[in-house]
Asks: 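Below is the structure I would like to discuss, written out as structure tokens.
These figures come from a predicted structure and were not determined experimentally.
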Amino acid sequence: MDSSFVAMESPNSPMHIGSVLIYNPETAPGGFVRFKDILEFIENRLRLSTTMRQRLVRVPFDLDFPYWVEDPNFDLEYHVRHVALPKPGDWRQLCIQAARIHARPLDLSRPPWEFTVVEGLDNVRGFPKGCFAFVTKVHHAAIDGMSGIDLMEATHTVSPSTAPPNQPDDWKPEKIPGAVELLGKSYVNAILNPLKQAQVAAQAVPGIASAVKGLVTREFKLSTDMVAPRTRFNRTISPHRVVEGRTFPLADMKAIRALLPDAKVNDVALAIVGGALNKYLTAKDDLPKSTLTAMAPISVRSSDEKGDMGNQVAAMIAPLGSHISDPKKRLEYVFGQTSNSKALTNALGARTMTEVSKVNPLLYMALGAQLFSRVSLAHRVMPFNTVVTNVPGPPVHIYSAGARMESMALSLICLTDGLGLAHVVQSYVDEAYISFTACRDIMPDPEFYSQCLQDSFDDMLAAAKAQAAKPVARKAAPAKSGATSAKRKTPSKKKVAPKKPASRKVAAKIAAPTKTGATSAKRTQTTKKTSAKRNGAAGKTKK
């Protein structure tokens, strides 16, 4: 899978992901951070990352997977850059600058990552003056969403005054292997690959059998709702990008689940995106009658692979309910569809799906990827309309060079022909973010689509609050009339109807003497009164 991202790389489709992170230097020593301080901080923590000093080496003719090599020419100052926004330095300028940086391909003859420090954010609403941003770029061959979090841990601390790591940096550069050596390795792997293919095929058999059984027993079903309609987002893309997004209180995202308590926050995010697409395409008079679909990555990274870089993901198709304008009905639809997709993915085995990609001959993968992206096939056969990936962020504040991260404002994602719009859902402390990357030619009005995301969220939150208020309103509603009130009391009388009078034997048993005489007398006296009262009541009833 890592190799497929390398094979799909083109001038119009650079295959890297990234983010826009905003920092407040008030927590740093002296209340400010110099570019020199950032360089020193990252240099001291390079030993904590397994990928920041590695570069790709491709095998001639793509006869084998590329190799990672410790770069003998590593230069930190090449990878960490420094720019400033022109005045006034507002949010829109930051988005434009981030889009320009993100649109440029990485140099794959060096370790495939870049950090750009952006100053001049004094008029970005919601942040104090003096804040700066990191615009990050890392090739998707090196990380997925979860290993990206590990990379973030390597470049951040949990307090502003954390000392540099005290373990020695035992990193050693490696010699770049020559073509003959690489071809020799590819020959050995070609011999061993059929054995690996047989092993993976054997592992896949139970998953296929489980999937067939699930279809027969109707644990899940194959639906036409999983077929992506043709939209304006699914055509050949240009090299130009736009990025935008919205920030929401994480508590409100969770509160929307009141519409459907069984739903997950990820279902809420998918429904919000579906509502935004409904509003955007309705305004363009271009809304398909059937639902748009999203590819939703699923992490299959095990706990012992936490520090491993590269991609450990499978995927499922998630219908977004974009054809449904009602927020509650859309969330119910999305929940039903994602539950069905998860059941299918679990039956096949998400881990097995990723293992299959590891034994495909790279030559065929590379040729297939290039045919898919360069011969205009992508926009004709793309099995989904967009991407919605959910990446959990740190639940506490983290720091870089002593500066507190205030926001994970935007997450940036790669596009390819046939996929002109993609979304990332992320969380940090008490905030949730839904951001998107789009081809500028396909979406020239990112501010409008960003507003559609906000409106979709507002609609769902309002519906959830209304849903939560309904039970309270019913309990507090006064009775319509006295007759109705009397009518309501009747059943309760029946429930607590008088018991039959106790017999004399039962009364005598209750009045039996106890160990303590005083207590016994008192109980006997009380019992006699109760018995007489009951007998009197019985007499009246009989009369």
Asks: Counting neighbours of NZ on Lys284 that are heavy atoms of other residues, nucleotides or ligands and sit closer than 6.0 Å, is the number greater than 12?
Replies: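 Counting other residues, nucleotides and ligands, NZ of Lys284 exceeds 12 neighbours.
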Asks: Looking at Arg81 and Phe35, what are the two nearest heavy atoms and their distance?
Replies: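 Minimum heavy-atom separation between Arg81 and Phe35: O-CE1, 3.5 Å.
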Asks: Do Thr437 and His102 have a side chain donor and acceptor closer than 3.5 Å?
Replies: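 Distance-only check fails for Thr437 and His102.
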Asks: Answer yes if the side chains of His16 and Glu114 hold a donor-acceptor pair under 3.5 Å, and no otherwise.
Replies: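 Absent: no donor and acceptor within the cut-off.
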Asks: Rounded at 0.5 Å granularity, tell me how far CG in Leu281 sits from NE2 in His323.
Replies: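 Answer rounded to 0.5 Å: 13.5 Å.
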Asks: I need the Ser427 OG to Lys254 NZ distance, nearest 0.5 Å.
Replies: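 One finds 8.5 Å between OG of Ser427 and NZ of Lys254.
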Asks: To the nearest 0.5 Å, what is the distance between CZ on Phe115 and CZ on Phe134?
Replies: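 Rounded to the nearest 0.5 Å, the CZ-CZ separation comes to 7.0 Å.
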Asks: Quick one: closest heavy-atom pair of Tyr428 and Val396, and the distance?
Replies: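 What the structure gives for the nearest pair is CE1-O, 3.4 Å.
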Asks: Quick check against the 3.5 Å criterion: does Lys279 have a side-chain atom that pairs as donor or acceptor with the backbone of Ser456?
Replies: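 No, Lys279 side chain to Ser456 backbone: no donor-acceptor pair under 3.5 Å.
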Asks: Is a side-chain donor-acceptor pair under 3.5 Å present for Ser109 with Asp107?
Replies: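 Yes, side-chain donor-acceptor contact under 3.5 Å.
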Asks: Using modelled atom types and a 3.5 Å cut-off, is there a donor and acceptor pairing between side-chain atoms of Arg241 and backbone atoms of Ser238?
Replies: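 Yes; at least one donor-acceptor contact below 3.5 Å.
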Asks: How about His139 and Trp113: are their ring centres within less than 6.0 Å of each other?
Replies: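 Between Trp113 and His139, which both carry aromatic rings, the centre distance is not below 6.0 Å.
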Asks: Regarding Lys172 and Glu174, does a basic nitrogen lie under 4.0 Å from an acidic carboxylate oxygen?
Replies: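 No, this pair does not count.
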Asks: State, without any angle test, whether Thr136 and Ser19 hold a side-chain donor-acceptor pair at a distance under 3.5 Å.
Replies: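 Thr136 vs Ser19: donor-acceptor pair found between side chains.
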Asks: Keeping the roles fixed (side chain from Arg257, backbone from Ala263), state whether a donor-acceptor pair exists under 3.5 Å.
Replies: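 Indeed, once roles are kept as given, a pair shorter than 3.5 Å links the two residues.
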Asks: Would Arg110 pass as a cation-pi partner of Phe74, given that its NZ or CZ must be under 6.0 Å from the six-membered ring centre and within 45 degrees of the axis?
Replies: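 Relative to the ring axis of Phe74, which defines the angle, Arg110 lies outside at least one limit.
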Asks: Between Asp417 and Ile237, is there a donor-acceptor pair closer than 3.5 Å when you use the side chain of the first and the backbone of the second?
Replies: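 A pair under 3.5 Å: yes.
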Asks: Answer yes or no: does atom CD of Gln167 have more than 12 heavy-atom neighbours from other residues, nucleotides or ligands under 6.0 Å?
Replies: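 More than 12 heavy atoms, drawn from other residues, nucleotides or ligands, come within 6.0 Å of this atom.
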Asks: Rounded to the nearest 0.5 Å, how far does CH2 of Trp91 lie from OG of Ser450?
Replies: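 Reported to 0.5 Å precision, the distance equals 8.0 Å.
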Asks: Would you please indicate if the ring centroids of Phe41 and His156 are separated by under 6.0 Å?
Replies: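 Not under 6.0 Å, so no.
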Asks: Do Asn385 and Leu419 come close enough that some side-chain heavy atom pair is under 4.5 Å?
Replies: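 No; the side chains remain at least 4.5 Å from each other.
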Asks: For a side-chain contact (heavy atoms from CB on, under 4.5 Å) with Leu292, tell me which candidate from Asn234, Leu277, Asn278 qualifies.
Replies: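 Exactly one option meets the side-chain contact (heavy atoms from CB on, under 4.5 Å) with Leu292, and it is Leu277.
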Asks: To the nearest 0.5 Å, what is the distance between CD (Glu153) and CG (Leu48)?
Replies: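 Taking CD in Glu153 and CG in Leu48, the distance rounds to 10.0 Å.
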Asks: Checking Thr231 side chain against Phe233 main chain: does a donor-acceptor pair fall under 3.5 Å?
Replies: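 A pair under 3.5 Å: yes.
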Asks: Would you compute the distance between atom CE of Met152 and atom CD1 of Ile143 and round it to the nearest 0.5 angstrom?
Replies: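 Answer for the CE-CD1 pair, Met152 versus Ile143, is 9.0 Å.
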Asks: Which atoms form the tightest heavy-atom contact between Pro112 and Leu108, and what is the distance?
Replies: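 Result for this residue pair: CB-CD2, 4.0 Å.
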Asks: Just by modelled atom types, is the Lys264 backbone N or O under 3.5 Å from a matching donor or acceptor in the Asp267 side chain?
Replies: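 Side chain of Asp267 to backbone of Lys264, a donor-acceptor pair under 3.5 Å: yes, one is there.
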Asks: What do you reckon, is CZ of Arg100 surrounded by more than 12 foreign heavy atoms closer than 6.0 Å?
Replies: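 No, CZ of Arg100 has 12 or fewer neighbouring heavy atoms, counting only those of other groups under 6.0 Å.
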Asks: Please determine, by modelled atom types, if Glu431 and Thr247 share a side-chain donor-acceptor pair under 3.5 angstrom.
Replies: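 Note: Glu431 and Thr247 side chains miss the donor-acceptor criterion.
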